[in-house]
K.L.:
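For reference, the structure I am asking about is given below.
For the numbers below, each heavy atom of this structure counts, side chains included, while hydrogens, waters and symmetry mates do not. In each ligand, atom 1 is the first atom listed, and ligand 1 is the first ligand listed. Remember, predicted model here, so these are calculated numbers, not experimental data.
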Amino acid sequence: MTDPRIHLSPPHMSGKELHYIKEAFKTNWIAPLGPNVDAFEKEIASYVGVKDAAAVSSGTAAIHLALSLLKVKEGDSVFCSTLTFVASANPILYQGAEPVFIDSEPETWNMSPLALRRALQRASLKGKLPKAVIIVNLYGQSAKMDELQLICNYYEIPIIEDAAESLGTTYKDKVSGSFGRFGIFSFNGNKIITTSGGGMLVSDDEQAIKRARFLATQARDPAPYYQHSVTGFNYRMSNLLAGVGRAQLHVLEDRVEARRRVFENYFLALSDMAGTNFMSELTGTQANRWLTTLTINEKEAGISAKQLVESLNSENIDARHVWKPLHMQPLFQKCDYYSHDTDEHVGENLFQTGLCLPSGSSLTEGEQDRVIICFKNAVKEARNTELYYPRKHEV
Ligand SMILES: *Cc1c(COP(=O)(O)O)cnc(C)c1O
C-alpha cells in the first residue's frame, strides 16, 4: 500500500469562511457582486496599500483587464518574465499583441534588469517600445523592483506586477503587488490564500479600477436598457467566493508564517547536502515562501532534479519541476527573448536544475519528514548506483 498523497500546495481553510457564506445565504446575496465583493476589495486594497481594487474571476482575468486598460492591441508588444506560468503571458495573446520574453537573474530568479535594459534599448532603436512590462514575483520572491522600476520609468513604460504568487511578501517594507501601474493577485486553489478560484486587480488609479469593473461586467453603458459600445468581459467575482476570500485574508499572516516555517525545516534538513542550493531571500525583503524551491547541481549531488522529482512522485509526493520558461514553449516559439547575459540563460538553467517541494501551510511535520526522508533516500540510492564525485563537502 502506498502512503497517502502529499500535495504541492493544497487549499487551507480556516473554518471562518462558512460565516461569510452563511451570511450571503441568509441575505440571498448569491448572485455576482454584493457586500462581500465590496468589502473584499476594500480589505485587499487596504492590506496592499493601494487606492482601489477590483475582484475578478481569476488572476488571468486581472492581467487581461490590465492590458485592456492600457489599450494593448494587435501589433503592440508587451514584455514579460520568461520564467513563469503561462497565465502571465496568455492575456497578451488574447489582445492580439506580441509577447517578448525577458530572462531571470540568478539571485531572485525574477526578471533580470540587465536583460530588460538591453531589450528596451533595442526596442527603442527600432522605434517599437512595448505597451507594458509584466514583472512576475516567482514562488513568493519579489523581483528587484527598484532597479526594474528605474529602467521602466526611464522609457515611460507602465509595469503590471504579476503578484499571483507573492501576496503577503514585502519588498523594502512595501507590500508586493503595489509597485506597478497595476498589480494582480490570484486566489486559485493552490495559492497562499484561496477563494477556490478568483483574482484581484489593484491600482492607485481609481478611475482605471472603476473602468475595470465596467469592462468586467460586459461593459454595459449607463442606459435604461442593455446598451454596449465596447467589448466587455464576464470577469467579476461572485459574492459567495468573496466571502471565502475575506475569511482567508484574516489568516494571511499565519499562512505566510507557516510557509516560511516549511522552508526553514527543509533548509535545515537538506541544505548541507552537496549540490543543493535553496532559493535565497533578497536583502530587504520578506518572501512569503509560497513554494520552497531549490536547484540541484547534478555533478555535486550525484542526482539530477529530474530524477529527484521522479523519485518523490513515485512515493506519492507531489514535487514539481520549476516552470518551463515561456520562450521555450511551443506556443511562443516565434517570440523574441532576451537572455540575462550573452551566454547566460538563467531561466533555462533554473528549469533544468530546479524543483519545488510540497509547501502547503497545512503540511504536517510528519508529512514534511516523509518528504525529507524520501529526498535523502533518493540521493543515497543515486550515489550508490552512479559514478559520483562530490565536489563540495560530503553529506
Ligand atoms: C496562478 C498564477 C496566475 C494565474 O492566476 P489564475 O487565478 O490561476 O488565473 C498568473 N501568474 C502566475 C505567476 C501564477 O502563479
Side-chain angles (χ1 to χ4, degrees), residues 7-11 40 44 53-68 78-94 99 101-102 104 108-111 132-143 145 148 159-169 176-177 179-180 182-202 212 216 233-238 241-242 244-245 248-249 255 259 279 287-293 320-327 329 331-332 347 350-351 354 356 359-360:
H7 296 283
L8 184 75
S9 179
F40 190 35
I44 285 279
V56 292
S57 51
S58 70
T60 312
I63 299 172
H64 191 194
L65 285 167
L67 293 176
S68 181
V78 173
F79 288 7
C80 181
S81 304
T82 192
L83 189 65
T84 182
F85 181 44
V86 70
S88 303
N90 267 340
I92 303 171
L93 300 185
Y94 302 165
F101 294 110
I102 311 295
S104 303
T108 63
W109 301 21
N110 288 314
M111 190 178 281
V133 179
I134 300 174
I135 300 174
V136 182
N137 302 313
L138 218 54
Y139 302 123
Q141 166 101 279
S142 177
M145 279 302 165
L148 295 169
I159 292 172
I160 299 170
E161 191 182 5
D162 180 347
E165 302 175 4
S166 64
L167 182 61
T169 294
S176 194
F179 289 86
F182 295 103
I184 75 97
F185 298 104
S186 166
F187 308 113
N188 191 32
N190 61 346
K191 298 303 196 299
I192 192 152
I193 62 169
T194 181
T195 58
S196 80
M200 194 73 78
L201 178 71
V202 303
F233 313 100
N234 182 5
Y235 273 172
R236 284 292 256 164
M237 181 182 277
S238 99
L241 299 189
V244 176
Q248 287 271 289
L249 187 57
R255 299 297 183 256
R259 297 224 183 210
M279 183 200 254
N288 70 11
R289 293 291 188 193
W290 174 57
L291 294 185
T292 292
T293 53
R320 305 248 177 121
H321 287 274
V322 162
W323 303 121
K324 179 175 182 174
L326 297 185
H327 73 272
Q329 301 285 355
L331 174 63
F332 297 115
L350 289 167
F351 169 57
C356 310
S359 308

K.L.:
Return the set of residues passing side-chain contact (heavy atoms from CB on, under 4.5 Å) with I159 (not counting sequence neighbours), or none when no residue passes.
P.N.:
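Expected list: I135, Q149, C152.
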K.L.:
What orientation do Y139 and W290 show, parallel under 30°, tilted 30 to 60°, or perpendicular over 60°?
P.N.:
parallel
K.L.:
Please work out which of the three classes, parallel, tilted or perpendicular, describes the rings of H321 and F351, given edges at 30° and 60°.
P.N.:
tilted
K.L.:
List, for ligand 1, each N/O atom that has a protein N/O partner under 3.5 Å away, with both atom names and the distance.
P.N.:
| unit_1 | atom_1 | unit_2 | atom_2 | d |
| --- | --- | --- | --- | --- |
| ligand 1 | 5 (O) | S186 | OG | 3.2 |
| ligand 1 | 7 (O) | G59 | N | 2.8 |
| ligand 1 | 7 (O) | S186 | OG | 2.7 |
| ligand 1 | 9 (O) | G59 | N | 3.3 |
| ligand 1 | 9 (O) | T60 | N | 2.9 |
| ligand 1 | 9 (O) | T60 | OG1 | 2.5 |
| ligand 1 | 11 (N) | D162 | OD1 | 3.3 |
| ligand 1 | 11 (N) | D162 | OD2 | 2.8 |
| ligand 1 | 15 (O) | E165 | OE2 | 2.5 |
| ligand 1 | 15 (O) | K191 | NZ | 3.3 |

K.L.:
Hey, can you tell me if F187 and F40 have their rings parallel, tilted or perpendicular (30° and 60° cut-offs)?
P.N.:
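Rings of F187 and F40: tilted, 30 to 60°.
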K.L.:
Please tell me if the side chains of T293 and L138 come closer than 4.5 Å, counting only heavy atoms from C-beta onward.
P.N.:
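They are not in contact (no side-chain heavy atoms under 4.5 Å apart), so the answer is no.
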K.L.:
Do you know which of E165, R289, R255 makes side-chain contact (heavy atoms from CB on, under 4.5 Å) with I192?
P.N.:
R255
